[in-house]
Protein chains: 2
Amino acid sequence: MPEATVARLPLYLRALTTLAERGVATVSSEELAASAGVNSAKLRKDLSYLGSYGTRGVGYEVDFLRHQITREIGLTQDWAVVIVGIGNLGHALANYGGFASRGFRIAALVDADPGRVGEEVAGLKVRHADELEQIVQDLGIAIGVVATPARAAQLVCDRLVAAGVTSILNFAPAIVQVPEGVDLRKVDLSTEMQILAYHEQRKNGAALALTAEQAAELAEAVNG
Amino acid sequence: MPEATVARLPLYLRALTTLAERGVATVSSEELAASAGVNSAKLRKDLSYLGSYGTRGVGYEVDFLRHQITREIGLTQDWAVVIVGIGNLGHALANYGGFASRGFRIAALVDADPGRVGEEVAGLKVRHADELEQIVQDLGIAIGVVATPARAAQLVCDRLVAAGVTSILNFAPAIVQVPEGVDLRKVDLSTEMQILAYHEQRKNGAALALTAEQAAELAEAVNG
DNA sequence: AGACGCTTGTGAACGTGTGCACAAAGTTGC
DNA sequence: GCAACTTTGTGCACACGTTCACAAGCGTCT
């Protein structure tokens with residue numbers, strides 16, 4: 001299955017869930033594509049990799065298709081996740097409701113700061129980073145989420161990998177290297193913002209962009 | 001400039017900044033590519049879209065190249081950003097240090113909950129969502145960050161667009177439609193986790209995956 | 001049963017992105 | 001000043017992803 005298709009399956013899953021909640025039983029590729037924001041031919045080709053689950057002349061049965069995608073992605077199993085780094089972002093991730101409903105379970109929270117260890121966040125006690133290897137092994141954790149400062153990211157990833165974690169989601173603004181066979185995905189606000197800025201600059205954006213000084217004055221006048 | 005190249009420029013910028021901090025003055029495409037985690041030919045091709053800023057036989061001057069990329073992306077200007085939705089994630093974003101250093105300035109925080117309005121977060125007073133349009137116009141905001149619950153995301157984006165925002169970064173786990181000409185990027189934990197799960201399932205992951213029941217027992221035994 | 005209308009699934013063309021391999025161009029050493 | 005060495009910039013071939021367009025298949029209506 002093409003990587004691009006894999007990346008869109010969660011999108012389709014979300015659209016299907018919304019439709020199911022509205023009580024829709026059947027949906028055509030055209031409708032589903034519209035609500036997922038993609039081209040209908042692309043949607044059909046993507047779904048065709050799963051098998052022939054549609055009915056010509058009718059469309060796709062929402063619940064059935066949802067189940068097939070869920071199975072394909074592997075969400076019928078429960079995935080234990082450890083979050084490393086319980087700062088602002090770690091807190092937000094620990095409290096994020098979208099995990100549990102999709103088969104991900106925050107199994108442990110870890111931080112290197114002794115001051116944070118023992119604190120209870122989202123119903124779990126924060127544990128010390130020294131225990132990381134033990135935690136990963138005891139809880140059968142396969143997915144690690146890194147929400148540490150940039151300087152700690154590489155070390156944390158190395159330790160996660162050494163402990164047997166083979167999938168890592170990195171939120172730290174750092175370039176991290178992992179060995180072959182380990183999946184590393186990164187989520188980076190700063191990068192996304194910079195991509196937006198690039199396009200903004202090439203639109204009417206020049207008019208809206210201010211010098212730092214002008215902006216500071218404005219901000220003070222309005223917010224202060 | 002190809003979209004794929006634009007998406008990598010921030011990566012190069014980060015690598016260059018790290019090198020500059022280490023006092024490195026010159027870098028070859030091979031070295032820079034290694035530290036950015038990409039192929040050196042790709043790096044050179046990407047940089048060639050900026051112009052011919054390298055010296056054959058030598059490499060690239062770190063500071064100079066950094067400046068060129070900064071300019072190309074548009075980070076020499078100050079971009080005013082509004083964050084909508086000051087929950088856990090909004091807090092984390094407001095306090096994220098990586099913005100200011102890259103030319104982005106959190107100019108305003110907005111929330112629909114009257115209970116949060118007036119609260120001070122990251123040195124700014126949270127203002128009510130009703131004022132959104134006014135704030136966008138007064139502060140010359142070009143980029144909006146949406147960190148609301150999923151159900152509010154579409155409405156917030158519509159209002160941002162109506163107020164003149166043409167670049168939006170959406171953190172809400174929702175599929176949002178925007179008119180032509182508006183750039184919408186999304187950052188979605190859940191999607192990223194699902195992509196990881198897909199690959200994990202196709203590796204040795206089956207061994208690590210537990211049923212929900214087994215996992216709950218384990219978790220209780222270890223965390224409880 | 002047969003004709004008609006609708007929607008899927010997919011072959012084929014097109015466009016974008018990647019990576020090799022090398023000529024061009026600069027630096028260094030003698 | 002010239003030869004040897006290093007590294008950039010890029011033409012070209014290939015791989016990947018997207019979109020069109022339509023045949024195949026299913027349901028419905030007469």
Side-chain angles (χ1 to χ4, degrees), chain A residues 1-12 15-16 19 24-69 72 180 183 185 191 195 198-199 202, chain B residues 1-12 15-16 19 24-69 72 180 183 185 191 195 198-199 202:
Chain A
M1 166 139 17
E3 188 56 35
T5 296
V6 173
R8 281 188 295 266
L9 289 182
L11 196 69
Y12 303 151
L16 286 167
L19 290 170
V24 177
T26 296
V27 68
S28 72
S29 65
E30 202 70 49
E31 294 166 319
L32 184 54
S35 64
V38 301
N39 179 298
S40 70
K42 183 160 32 178
L43 172 75
R44 287 198 299 277
K45 183 150 282 189
D46 284 343
L47 294 185
S48 77
Y49 291 109
L50 303 178
S52 282
Y53 294 143
T55 308
R56 293 171 195 235
V58 179
Y60 302 88
E61 206 189 323
V62 172
D63 280 334
F64 181 68
L65 186 56
R66 199 150 73 108
H67 181 255
Q68 292 305 325
I69 295 178
E72 187 70 17
E180 180 94 8
D183 272 297
R185 297 190 66 86
T191 297
I195 296 169
Y198 172 84
H199 292 296
R202 261 128 248 272
Chain B
M1 166 139 18
E3 188 57 35
T5 297
V6 173
R8 281 188 295 267
L9 289 183
L11 196 68
Y12 303 151
L16 286 167
L19 290 171
V24 177
T26 296
V27 69
S28 72
S29 65
E30 202 70 50
E31 294 166 318
L32 183 54
S35 64
V38 302
N39 179 297
S40 71
K42 186 163 24 182
L43 172 74
R44 287 197 299 276
K45 186 154 285 187
D46 283 343
L47 294 185
S48 77
Y49 290 110
L50 304 178
S52 282
Y53 294 143
T55 308
R56 295 173 193 232
V58 178
Y60 302 89
E61 206 190 323
V62 172
D63 279 335
F64 180 67
L65 185 55
R66 200 150 71 107
H67 182 255
Q68 291 305 325
I69 295 179
E72 186 70 18
E180 180 95 8
D183 273 298
R185 297 189 67 87
T191 297
I195 296 170
Y198 172 85
H199 293 296
R202 261 131 246 273

Would you compute the distance between atom [atom1] of [X] and atom [atom2] of [Y] and round it to the nearest 0.5 angstrom?
| X | Y | atom1 | atom2 | result |
| --- | --- | --- | --- | --- |
| A:Leu9 | A:Tyr49 | CG | OH | 11.5 Å |
| A:Arg8 | A:Leu43 | CZ | CG | 9.0 Å |
| A:Leu19 | A:Tyr60 | CG | OH | 13.5 Å |
| B:Leu16 | B:Ser35 | CG | OG | 7.5 Å |
| A:Arg66 | A:Asp63 | CZ | CG | 5.5 Å |

Notebook entry, point to check: Going 5' to 3' on DNA chain D, which nucleotide is the first and which the last to come under 4.0 Å of a heavy atom in chain B?
Noted result: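 Contact boundaries, 5' end first: D:dT6 to D:dC12.
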Item checked: Angle between terminal axes - the helix from C:dA1-D:dT30 to C:dC30-D:dG1, 5 pairs each end, rounded to 10° ->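 Overall, the helix from C:dA1-D:dT30 to C:dC30-D:dG1 bends by 0° from one end axis to the other.
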Taking the side chain as every heavy atom from C-beta outward, state whether [X] and [Y] have any pair of such atoms under 4.5 Å apart.
| X | Y | value |
| --- | --- | --- |
| B:Thr55 | B:Thr26 | no |
| A:Leu47 | A:Tyr12 | yes |
| A:Leu65 | A:Val27 | no |
| A:Ile195 | B:Asp183 | no |

Which protein N or O atoms sit under 3.5 Å from an N or O of nucleotides 25-30 of chain C?
| from | atom 1 | to | atom 2 | distance (Å) |
| --- | --- | --- | --- | --- |
| C:dA25 | O4' | B:Arg56 | NE | 3.4 |

Next item on the list: Could you tell me which non-hydrogen atom of A:Ala41 sits nearest to which non-hydrogen atom of A:Asn39, and how far apart they are?
Entry: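 Heavy atoms of A:Ala41 and A:Asn39 come nearest at N-OD1, 2.6 Å.
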Next item on the list: Identify the heavy atoms of A:Glu72 and B:Arg202 that sit nearest to each other, and give their distance.
Entry: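 Closest approach of A:Glu72 to B:Arg202, heavy atoms only: O-NH2, 3.2 Å.
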Margin query: Does B:Tyr53 reach a base, just sugar-phosphate, or nothing at all? Heavy atoms under 4.0 Å.
Written below: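 Sugar-phosphate, backbone atoms only, no base.
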Notebook entry, point to check: Can you pull the salt bridge (charged side-chain N to carboxylate O under 4.0 Å, His left out) pairs that have at least one residue in residues 26-44 of chain A, sequence neighbours excluded?
Noted result: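 For residues 26-44 of chain A, and leaving out neighbouring residues, there are no salt bridge (charged side-chain N to carboxylate O under 4.0 Å, His left out) pairs at all.
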How many Å lie between [atom1] on [X] and [atom2] on [N], as a whole number?
| X | N | atom1 | atom2 | answer |
| --- | --- | --- | --- | --- |
| A:Leu65 | C:dT8 | CG | C1' | 13 Å |
| A:Glu30 | C:dG9 | CD | P | 14 Å |
| A:Tyr49 | C:dG11 | OH | C1' | 12 Å |

Note to self: Does anything in residues 35-46 of chain B come within less than 4.0 Å of DNA chain D? Heavy atoms only, and list the residues if so.
What the structure shows: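 B:Arg44, B:Lys45 - these, ordered by number, are the residues of the stretch whose heavy atoms sit under 4.0 Å from the strand.
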Item checked: Partner residues of B:Glu61 under the side chain to side chain donor-acceptor pair (under 3.5 Å) criterion, sequence neighbours left out ->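 Counting only residues at least two positions away or on another chain, B:Glu61 forms no side chain to side chain donor-acceptor pair (under 3.5 Å).
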